[in-house]
Amino acid sequence: MKRLVVYYSLSGNTEEAAKKIAAKLEADLLRLDTEKAMPKSFPARILVGGGQVMMNYIPKLKPMEKDPAGYDEIILGSPIWNSKGVPAINAFLQDEKAAAKVTSLFFLSGGGETKKGLEAITKKLPNLKHSVSLLDKKHQDSRDNDAKIEEFVKAIQG
Ligand SMILES: Cc1cc2nc3c(=O)[nH]c(=O)nc-3n(C[C@H](O)[C@H](O)[C@H](O)COP(=O)(O)O)c2cc1C
């Protein structure tokens with residue numbers, strides 16, 4: 001089984017989880033980046049990112065370093081923005097063949113309220129089997145992330 005962990009991360013939390021998950025699964029890693037960079041300051045990020053989500057904006061992605069077509073299974077990682085998945089992930093999921101390979105999803109959020117995000121994104125994932133909600137390292141319960149990742153990886157391995 002050739003696995004690819006695909007993720008987007010603005011401030012590093014999703015990236016940290018992606019690296020841990022990929023190492024445990026011996027999977028390759030693919031970081032998604034948008035052509036247009038996001039602002040550096042947090043308030044500007046909230047304004048711009050929030051606006052993008054509201055408008056269902058699909059950004060242009062930078063060329064990908066790995067081709068999802070060469071993999072059997074994709075594990076997808078997204079932060080939650082405005083209770084939904086992020087624009088870069090929506091751009092990636094425009095490739096329906098890649099979306100069909102996503103069996104597992106991990107979310108990072110500031111507050112843990114991911115129900116709406118899960119609903120928004122699962123519509124695009126016909127073969128989703130496993131998902132896990134992880135917390136930003138600023139949240140005190142983020143200490144549970146490693147145990148949740150362990151369980152998530154075991155479920156994927158079957
Ligand atoms: C534009 C924007 C919107 C966000 N909206 C939410 C939200 O609706 N709910 C929530 O719990 N966290 C929200 N967050 C917090 C992020 O989900 C959280 O900080 C996450 O860990 C970021 O992942 P990253 O470090 O990989 O970028 C938002 C962050 C940004 C930048």
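Predicted model only: the values in this text are computed from it and were never measured. Whatever order the structure lists them in is the order used to number ligands and atoms, beginning at 1.
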Problem set entry | Glu16 bridged to Lys20 by N-O distance under 4.0 Å | yes

Problem set entry | Asn13 neighbourhood, listing ligand 1 atoms whose heavy-atom distance to it stays under 4.0 Å | 21 (O), 23 (O), 24 (P), 25 (O), 26 (O)

For this session: Using atom types as modelled and distance alone, determine if a side-chain donor or acceptor of Asn82 lies under 3.5 Å from a backbone N or O of Lys84.
Result: no

Exercise. Would one find an N or O of Leu10, backbone or side chain, under 3.5 Å from an N or O of ligand 1?
Worked result: yes

Exercise. Partners of Lys101 by salt bridge (Lys or Arg N to Asp or Glu O under 4.0 Å), sequence neighbours excluded?
Worked result: none

For this session: I would like to know whether Trp81 and Leu10 meet side-chain contact (heavy atoms from CB on, under 4.5 Å); could you show each step before the answer?
Result: CA-CA 11 Å; Trp81 283 8; Leu10 192 55; 3.6 Å; yes

Exercise. Should Asp33 and Arg31 count as an ion pair when the cut-off is N to O under 4.0 Å?
Worked result: yes

Problem set entry | Which of the ligand 1 atoms, numbered from 1, are nearer than 4.0 Å to a heavy atom of Gly110 | 10 (C), 11 (O), 12 (N), 15 (C), 16 (C), 17 (O), 18 (C)

For this session: May I ask you to list the atoms of ligand 1 that are less than 4.0 angstrom from any heavy atom of Thr14?
Result: 23 (O), 24 (P), 26 (O)

Problem set entry | Side-chain ion pair, Asp72 and Arg3, N-O less than 4.0 Å | no

Problem set entry | Gly12 N/O to ligand 1 N/O under 3.5 Å | yes

For this session: Would you indicate which of Asp136, Val86, Leu135 comes nearest to atom 21 (O) of ligand 1 when only heavy atoms are counted?
Result: Asp136

Seminar exercise, completed: To atom 6 (C) of ligand 1, the nearest of Ile80, Leu47, Ile46 on a heavy-atom basis is Ile80

Problem set entry | Remaining members of the apolar cluster that contains Leu25, side-chain heavy atoms under 4.5 Å | Val5, Tyr7, Ile21, Leu29, Ile75, Phe106, Leu108, Val132, Leu134, Ile149, Phe152, Val153, Ile156

Exercise. Against heavy atoms of Gly111, which atoms of ligand 1 measure under 4.0 Å?
Worked result: 10 (C), 11 (O)

Seminar exercise, completed: Of all protein heavy atoms, the one nearest atom 25 (O) of ligand 1 is Ser11 OG, 2.6 Å

Exercise. Starting from atom 5 (N) of ligand 1, which protein heavy atom do you reach first, and at what distance in Å?
Worked result: Asn82 N, 2.9 Å

Problem set entry | Under-4.0 Å salt bridge between Lys24 and Glu150 | yes

Exercise. Just by modelled atom types, is the Ser9 backbone N or O under 3.5 Å from a matching donor or acceptor in the Thr14 side chain?
Worked result: no

Exercise. So is there a nitrogen or oxygen of Ser9 less than 3.5 Å from a nitrogen or oxygen in ligand 1?
Worked result: yes

Seminar exercise, completed: ligand 1 to Ser83, heavy atom cutoff 4.0 Å, flagged ligand atoms 7 (C), 8 (O)

For this session: State the atoms of ligand 1, each with its element, that fall below the 4.0 Å cut-off from a heavy-atom position in Arg45.
Result: 1 (C)

For this session: Starting from atom 29 (C) of ligand 1, find the nearest protein heavy-atom neighbour and note its residue, name and distance.
Result: Trp81 CD1, 3.8 Å

